[in-house]
Amino acid sequence: MHLTNLEERMLGGEEGYAVQKNMQILAALGDIFGAEKMIPVSSVQVAGVSYYNLGDAGLEYLETLADRGAKARLKTTLNPAGMDLENWRELGIEEEFARKQERVIQAFVKMGVIPSCTCTPYLVGNEPRRGDHIAWSESSAVTYANSVLGAMTNREGGPSALAAAITGRTPAYGMHIEENRKPQVRVKVESKLTAVPEFGALGYAVGKKIGPKIPSFEGIRGAPVEQLKSLCASIATYGGTALFHTYEETQSPKEVPAETLTVTRADIDGALRALNDETAEEVDFIALGCPHCTLVEIKKIAELLEGKKVRREFWICTARQTMKEAEKIGYAAKIRTAGAKFACDTCMAVAPLKGRFSVLATDSAKACYYGRGTNNFKTRIGSIEECVSAAVTGKWSY
Ligand code: F3S
């Protein structure tokens, strides 16, 4: 791989231990994937923030880097941590876990990373522009950045994203190369989709069929951010792609792929059935905000909860900044009065929840995946209305 003089100096240790170590990581990655050069990045989002996933080895790695002078050179934000950084007690997080999680965050802060712990950085100030090369980690955010914002990023691991922050670079391969971003499968969505879980079901149905190939969707034009982020999360989880196109907006007829997939109402209904454990009638945990809730979603939850009381643990996962907006407008008070809780900085997948609940109700196909896989929950998927109803009655009644 060609390196500039500055990059050679970084690799040689002239910019210190932390830069050298992280340049070594990127050079090794570049060699593995056949990159010809490094490219500067303008934004970084680092996953691998929850102590639940990092453990002591990960914590030690971060603290060592911070102590040895590692500094982020550009705007760098974090993925959700294992707890609400302020309100962890109310969410039932153990003291010992909280102390370790706080050390993780302190290490990142020492490195100059902004501790806005969210998988929707594009909603709260880390929003790249079309054509920007960036290094993001969280799979739904990566897919959103590539597909909706038109930025260019591979799906980085936590260490390689942090290395990009510390060196300001990433190896030029994969999604950074225009040639690799062409659509490979034309996906005709023949059913009119409106609810967020239907977009999750679309990602499930298509992801299962085409794996990591790049689809070009027809029939979802004009979908709002809430639906698109759900699709991004689901298709990345169940298929592995980091990019999709929406045919009507981005493709010329010449670029229509030969391989075609048609998605019908039966496919969407089948996906929703697959994500629903039909035998689970009682629900003991309701979690919305995978990916993190927008203000529009919080408004809807607040309206549905007004004058009601929830009987079950109900988390609204969102970025702290979004929650603060919701406080200013008055949505947060309605939600809290009803007994539901904000889970800022964290989510239902990266918080230590194993053993605490049995049945998760959510509007997110991705949350079903992690609820089942990581926490052994049974899952129920439905609209925000259906989830709020389950929180109030304790039952899934759809
Ligand atoms: Fe975000 Fe957690 Fe879902 S990181 S995409 S809320 S699994």
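Reckoned from all heavy atoms, side chains included, excluding hydrogens, waters and symmetry mates. None of the values given here were measured: they were computed from a predicted structure. Read the numbers this way: they start at 1 and go in the same order the structure lists the ligands and their atoms.
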Below 6.0 angstrom between ring centroids: does that apply to F342 and W315?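 No, too far apart.
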Sequence-distant partners of K100, salt bridge (charged side-chain N to carboxylate O under 4.0 Å, His left out), two or more places apart: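 Partners of K100 under the salt bridge (charged side-chain N to carboxylate O under 4.0 Å, His left out) test: D56.
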Tally, protein N/O/S atoms nearer to atom 3 (Fe) of ligand 1 than 2.8 Å: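 For atom 3 (Fe) of ligand 1, the figure is 1.
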Close side-chain approach of V206 to L261, heavy-atom, < 4.5 Å: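 They are in contact (side-chain heavy atoms under 4.5 Å apart), so the answer is yes.
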I'd like to know whether CZ of R181 has more than 12 heavy-atom contacts from other residues, nucleotides or ligands below 6.0 angstrom.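 Yes - once you tally the heavy atoms of other residues, nucleotides and ligands closer than 6.0 Å, there are more than 12.
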Heavy-atom count around K341 NZ within 6.0 Å, excluding the residue itself: above 12?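 Yes.
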Could you tell me which atoms of ligand 1, counted from 1 in the order shown, lie closer than 4.0 angstrom to a heavy atom of E138?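 Result: 5 (S).
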For the atom pair CG (L295) and OG1 (T318), what is the distance rounded to the nearest 0.5 Å?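 It is 8.0 Å, given to the nearest 0.5 Å.
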